[in-house]
Student: 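Here it is, the structure in full.
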There are 2 protein chains.
Amino acid sequence: MTKKLFLPPATTVDVVIFTIEGNDLKILLIRRENEPFRRQWALPGGFLFKNETAEQASYRVLHKKAGARVSYLEQLYTFDSPFRDPRGHVLTIAYMALVSHKNLNFTKRKELQNPTFYSVKKIPKLAFDHRNILVYAIKRLRAKLEYTNVVLSLLPKLFTFNQLQKTYEIILNRKLDKRNFRKKFMLLKLIRPTLKILKGERQRPARLYQFISRKSAELKKFF
Amino acid sequence: MTKKLFLPPATTVDVVIFTIEGNDLKILLIRRENEPFRRQWALPGGFLFKNETAEQASYRVLHKKAGARVSYLEQLYTFDSPFRDPRGHVLTIAYMALVSHKNLNFTKRKELQNPTFYSVKKIPKLAFDHRNILVYAIKRLRAKLEYTNVVLSLLPKLFTFNQLQKTYEIILNRKLDKRNFRKKFMLLKLIRPTLKILKGERQRPARLYQFISRKSAELKKFF
DNA sequence: CCAAAAGTGTTGACTGTACACCCATGT
DNA sequence: ACATGGGTGTACAGTCAACACTTTTGG
């Protein structure tokens, strides 16, 4: 076995960018232009610049690939198998980002590797070990929903109870009881009703709510 | 700002090695022999060898520094501030390891940087950002206790209910009710009584239990 | 008037917590 | 005999899950 110190693996970041669109949880994928895995779909990512933190690199990737104003970014896990990249030993620090669909300033530009949101239910074959990263990210997101207030990063500032509940249902992939959901969520004291009413839909108007604080919070008990 | 691709940070691993000894949760520290932070206490760690995974490097470090047969190893988080190491940009992938005190083959050898177990209540000043890593590790360990069966890695094969409960109490740093603890733990169906009895102490002999499976398990509800 | 989502309480099951005494052994 | 941890059950409180109907608007 060849052992040699100070020959570090190359370091990249890859970012799983989640958003809710329609009735789906979606992630952003780009189409690779270069080898390896040319023309395959992949998570947006890239090599670390000199003296750049992985978090800074993630923001850079997000901005460049998705034009997204991110409201939440979290490190997930470092994937470091020496065989995950055919070019050699390249480790990646995986992040997940949450973006309210309203905050996306997103143009599907061919010259930018054709960034496209895919429903997590219909993910194409991905380059590298990106499917593993995605699976890990979804698991983390589901877990975080249940004991933190991360959901606020996927919602607009003002939202109806129905939107809130839908977001939970879409991510957890199961129906929740309307009355129990409202009761529990109100007890958490995370959101408050505003005086505003959402009219103009073809049903009874709904009260709009907002988060009391937009700081991240961990809760003892939740769902 | 100087930006340059393909100039990766150096990569290390650092391992928080937990064990229970006496009535304390302890971690292994070594005394640095070289600069930077010469003669300060630090977590055992080291640079990745060529084509070595971080997990392999962690096992190597464990074996060399602690002579420990590790029953549990888990990646925690990657710390990557460019300023955490005065020599330059060195990122570290932090791991935590759990070792049953019985499995330690541990000699406090001066020539091996004087490895010493310290109670987490009395940690000296640590090199680099190792205190942050330790704080993170303790938080993760406490969380994992409550929804997995990791505790098995800190116990001998056969143990009394009292040892089991003590282990929880020491790590969570609070007293638990004896009757409720026994009731809940038995309902989990993780352990079974053996026919063996621990005699020779100066009290009523205690039944010895064992884990039904030593594979890691996640539980819906726990503590 | 019809369709669609908004909004609202009660009950029974279950889970968690608090709490005190006798037992078997070694010294 | 006494000190030490071993071992056991009950009752109350709090939380969770199941469940259906009326309201308000737009079309």
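Numbered from 1 within each chain, the chains take letters A, B, ... in sequence-line order. Quantities reported herein were computed from a predicted structural model and do not represent experimental measurements.
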Student: D/dT8 C1' sits how many Å from B/F185 CZ, rounded?
Tutor: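 So the two atoms are 19 Å apart, to the nearest Å.
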Student: Between C/dG26 atom C1' and B/L198 atom CG, what is the distance in whole Å?
Tutor: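 Those two atoms, CG and C1', are 13 Å apart.
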Student: Using whole Å, report how far CZ of A/R174 lies from P of D/dA18.
Tutor: 10 Å
Student: Regarding A/K183, tell me which of base, sugar-phosphate or nothing describes its non-hydrogen contacts under 4.0 Å with the strands shown.
Tutor: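 A/K183: base contact, heavy atoms under 4.0 Å.
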Student: Rounded to whole Å, how long is the line connecting atom NZ of A/K175 with atom C1' of C/dA5?
Tutor: 12 Å
Student: For A/I17, is there any backbone N or O sitting under 3.5 Å from a side-chain donor or acceptor partner on A/T19?
Tutor: no
Student: Toward the 5' end of DNA chain D, which comes first, B/D177 or B/T160, by nearest nucleotide?
Tutor: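 Closer to the 5' end of DNA chain D: B/T160.
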Student: Using side chain to side chain contact (heavy atoms under 4.5 Å, CB included) as the criterion, list what pairs up with A/D129, not counting sequence neighbours.
Tutor: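 Result, side chain to side chain contact (heavy atoms under 4.5 Å, CB included) vs A/D129: A/F79, A/R84, A/N132, A/I133.
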Student: Please report, rounded to the nearest Å, how far the P atom of D/dT10 is from the CG atom of B/N180.
Tutor: 14 Å
Student: Shorter than 3.5 Å, N or O on both sides, protein versus nucleotides 20-24 of chain C: list them out with atom names.
Tutor:
from: C/dA20; atom 1: N1; to: B/R179; atom 2: NH1; distance (Å): 3.3
from: C/dC23; atom 1: O2; to: B/R204; atom 2: NH1; distance (Å): 3.3
from: C/dA24; atom 1: N3; to: B/R204; atom 2: N; distance (Å): 3.2

Student: Under the 3.5 angstrom rule, does the side chain of A/Q210 hit a backbone N or O of A/R192 as a donor-acceptor pair?
Tutor: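 Answer holds: no.
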Student: Rounded off to whole Å, could you give me the CZ-to-C1' distance for the A/F159 and C/dA6 pair?
Tutor: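 Nearest whole value for this atom pair: 16 Å.
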Student: Using a cut-off of 4.0 Å on non-hydrogen atoms, how would the nucleic acid contact of B/N162 be classed: base, sugar-phosphate, or nothing?
Tutor: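 Sugar-phosphate, backbone atoms only, no base.
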Student: Do A/N149 side-chain atoms and A/K215 backbone N/O form a donor-acceptor pair below 3.5 Å?
Tutor: yes
Student: As a test of reading the structure: which of D/dG7, D/dC16, C/dC19 is closest to the side chain of B/R207, going by heavy atoms?
Tutor: D/dG7
Student: Specify the separation, in whole Å, of atom NZ of A/K184 and atom P of D/dG14.
Tutor: 18 Å
Student: Determine, using ring centers only, whether A/F211 and A/F159 are less than 6.0 Å apart.
Tutor: yes
Student: Does B/R207 reach the main-chain N or O of B/P193 with its side chain, forming a donor-acceptor pair under 3.5 Å?
Tutor: no
